[in-house]
2 protein chains.
Amino acid sequence: MENRIEKIKKQLHSQSYKLTPQREATVRVLLEHEEDHLSAEDVYLLVKEKSPEIGLATVYRTLELLSELKVVDKINFGDGVSRYDLRKEGAEHFHHHLVCVECGSVKEIEEDLLGHVEKTVESQWEFQVKDHRLTFHGICKNCQSEHD
Amino acid sequence: MENRIEKIKKQLHSQSYKLTPQREATVRVLLEHEEDHLSAEDVYLLVKEKSPEIGLATVYRTLELLSELKVVDKINFGDGVSRYDLRKEGAEHFHHHLVCVECGSVKEIEEDLLGHVEKTVESQWEFQVKDHRLTFHGICKNCQSEHD
DNA sequence: GTGTCAAATTATAATGATTTTAATTTATTT
DNA sequence: AAATAAATTAAAATCATTATAATTTGACAC
Ligand SMILES: [Mn+2]
Ligand SMILES: [Mn+2]
Ligand SMILES: [Zn+2]
Ligand SMILES: [Zn+2]
């Protein structure tokens, strides 16, 4: 944890941003909820528990900043809000998601899986791939068993 | 064109919805801009050219309805608006997108490409895939040549 | 240490996309 | 033709996000 924060601090400094108390509190919440997909409001409420004086606008600005630095990825599952997802430690690309259309659960896939597909895209479509967003919609393991 | 509209009409009827003049006008706009990725507002303005009496709320409701029927897919490229994308004729799955981070252009890939990956997801993660969303972010052919 | 400046934050107001509401119109059934 | 349900309109409301103005913080110069 402290280790990850140190790294993020250095990333901020390298672009001459500071790790303010508000930013640190926000990062801590993100680290403590790494599996989740929190909205700005969600993050705000969680940060407020430990740092009640923080403002919602600051959380928004911090998340935007972390997004520019690629510390988090901003994603959208189609409900009306943006969600913020920490990059996995040392990950080159954004990870994938499995969204269950029955129960709404979201599972993560950290394996890349797209190496071959990206090579095809680069050669067939002459498009130089930098990153990807992949989400599968379907029935999760749980909901499958409940069905029959 | 008339052929596609007939099909959509039948899809609506099968769920006991009607193809009202407003709905037809909206579908026509979508068909005439199949390559584009129009926002609700975009669609509204285009429909208004031929049917000036239509209301924005109707366009929203129509797009929502078409989305439920899987005639269109609602997507989000990270700017603040939802965009509505017609399913390709007879397509089983949603098509993929190549978004250029330099110029913002969006290109479509109709080939599926994910067959193998989906098999892996089904067996390794025991997740029954129904559909997918895949977007690549990178440098388009045009912007590549301008670079050097 | 005190003054100065830029960056960051706060509280609040504004914006803009989308949804809801109430009244009206249209189409369908009796 | 009257009754009923579905769809639409115009307007207001909602809600996520962004902008604004005033205040605070922290680094640096004197
Ligand atoms: Mn995730
Ligand atoms: Mn498309
Ligand atoms: Zn499920
Ligand atoms: Zn480009």
Side-chain angles (χ1 to χ4, degrees), chain A residues 5 8-9 11-29 37-69 71-85, chain B residues 8-9 11-30 37-69 71-85:
Chain A
I5 290 183
I8 291 168
K9 188 174 182 176
Q11 262 182 288
L12 283 163
H13 284 164
S14 77
Q15 314 269 324
S16 61
Y17 291 113
K18 290 174 258 183
L19 183 64
T20 63
Q22 291 89 340
R23 287 176 183 165
E24 179 168 345
T26 303
V27 169
R28 278 186 192 280
V29 162
H37 299 94
L38 305 175
S39 67
E41 180 91 29
D42 293 338
V43 174
Y44 170 64
L45 292 173
L46 287 164
V47 175
K48 241 176 152 11
E49 289 177 7
K50 301 229 171 133
S51 313
E53 71 300 334
I54 201 170
L56 177 56
T58 301
V59 171
Y60 268 102
R61 262 181 282 104
T62 301
L63 291 171
E64 200 56 40
L65 179 59
L66 294 174
S67 192
E68 276 163 32
L69 297 178
V71 171
V72 302
D73 288 288
K74 191 175 177 178
I75 51 176
N76 192 296
F77 286 126
D79 52 347
V81 299
S82 293
R83 297 178 179 280
Y84 298 85
D85 204 357
Chain B
I8 292 168
K9 189 173 179 175
Q11 262 183 286
L12 283 163
H13 284 164
S14 79
Q15 313 270 324
S16 60
Y17 292 113
K18 291 173 258 181
L19 183 63
T20 63
Q22 292 88 341
R23 286 175 183 165
E24 179 169 345
T26 303
V27 169
R28 280 187 191 280
V29 162
L30 292 173
H37 298 95
L38 304 174
S39 67
E41 181 92 28
D42 293 338
V43 174
Y44 170 63
L45 291 174
L46 288 164
V47 175
K48 238 175 156 8
E49 289 177 8
K50 301 228 171 134
S51 314
E53 70 300 336
I54 202 171
L56 178 55
T58 301
V59 171
Y60 268 102
R61 262 181 281 104
T62 300
L63 291 170
E64 201 55 43
L65 179 59
L66 294 174
S67 191
E68 275 163 32
L69 296 178
V71 171
V72 302
D73 288 288
K74 190 175 177 179
I75 51 177
N76 192 295
F77 286 125
D79 52 348
V81 298
S82 293
R83 296 177 180 279
Y84 298 84
D85 205 356

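Throughout, a chain's letter reflects where its sequence line sits, starting with A, and its residues are numbered from 1.
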Distance, nearest 0.5 Å, that separates [atom1] of [X] from [atom2] of [Y]:
X        : Y        : atom1 : atom2 : result
Arg23(B) : Ile8(B)  : CZ    : CD1   : 12.5 Å
Leu30(B) : Thr62(B) : CG    : OG1   : 9.5 Å
Ile75(B) : Ser67(B) : CD1   : OG    : 10.5 Å
Leu63(A) : Thr58(A) : CG    : OG1   : 10.5 Å

Nucleotide of [options] approaching [X] most closely (side-chain heavy atoms):
X        : options                 : value
Ala57(A) : dT8(D), dT12(C), dA8(C) : dT12(C)
Tyr17(B) : dT8(D), dT9(C), dA7(D)  : dA7(D)
Val81(B) : dA17(C), dA8(C), dT9(D) : dA17(C)

Are any of [X]'s side-chain N or O atoms less than 4.0 Å away from OP1 or OP2 of [N]?
X        : N       : answer
Tyr60(A) : dT17(D) : yes
Ser82(A) : dT17(D) : yes
Thr20(A) : dA8(C)  : no
Gln22(A) : dT10(C) : yes

Legend entry - All ring-ring contact (aromatic ring centres under 6.0 Å, His included) counterparts of Phe77(A), not counting sequence neighbours: His37(A), His97(A)
Legend entry - Candidate pair Glu24(B) and Lys9(B), rule salt bridge (charged side-chain N to carboxylate O under 4.0 Å, His left out), full reasoning: CA-CA 9 Å; Glu24(B) 179 169 345; Lys9(B) 189 173 179 175; over 6 Å; no
Inset, instruction - Kindly determine whether Leu65(B) and Gln15(B) satisfy side-chain contact (heavy atoms from CB on, under 4.5 Å), including the steps that lead there. - result: CA-CA 11 Å; Leu65(B) 179 59; Gln15(B) 313 270 324; over 6 Å; no
When the distance from [atom1] of [X] to [atom2] of [N] is rounded to whole Å, what number comes out?
X        : N       : atom1 : atom2 : value
Leu56(A) : dT10(C) : CG    : P     : 11 Å
Glu53(B) : dT8(D)  : CD    : C1'   : 10 Å
Lys18(B) : dT4(D)  : NZ    : C1'   : 11 Å
Leu63(A) : dA16(D) : CG    : P     : 15 Å
Glu24(A) : dT9(C)  : CD    : C1'   : 16 Å
His13(A) : dA7(C)  : NE2   : C1'   : 13 Å
Gln15(A) : dA7(C)  : CD    : P     : 15 Å
Glu64(B) : dT8(D)  : CD    : P     : 14 Å

Inset, instruction - Under 4.0 Å between any heavy atoms, over every strand shown, what does Arg61(A) touch: base, sugar-phosphate, or nothing? Just pick one. - result: base
Legend entry - DNA chain D: 5'-proximal contact among Pro21(A) and Arg83(A) (nearest heavy atom): Arg83(A)
Inset, instruction - Can you sort out which residues in residues 39-47 of chain A have a heavy atom within less than 4.0 Å of DNA chain C? Ascending by number, please. - result: none
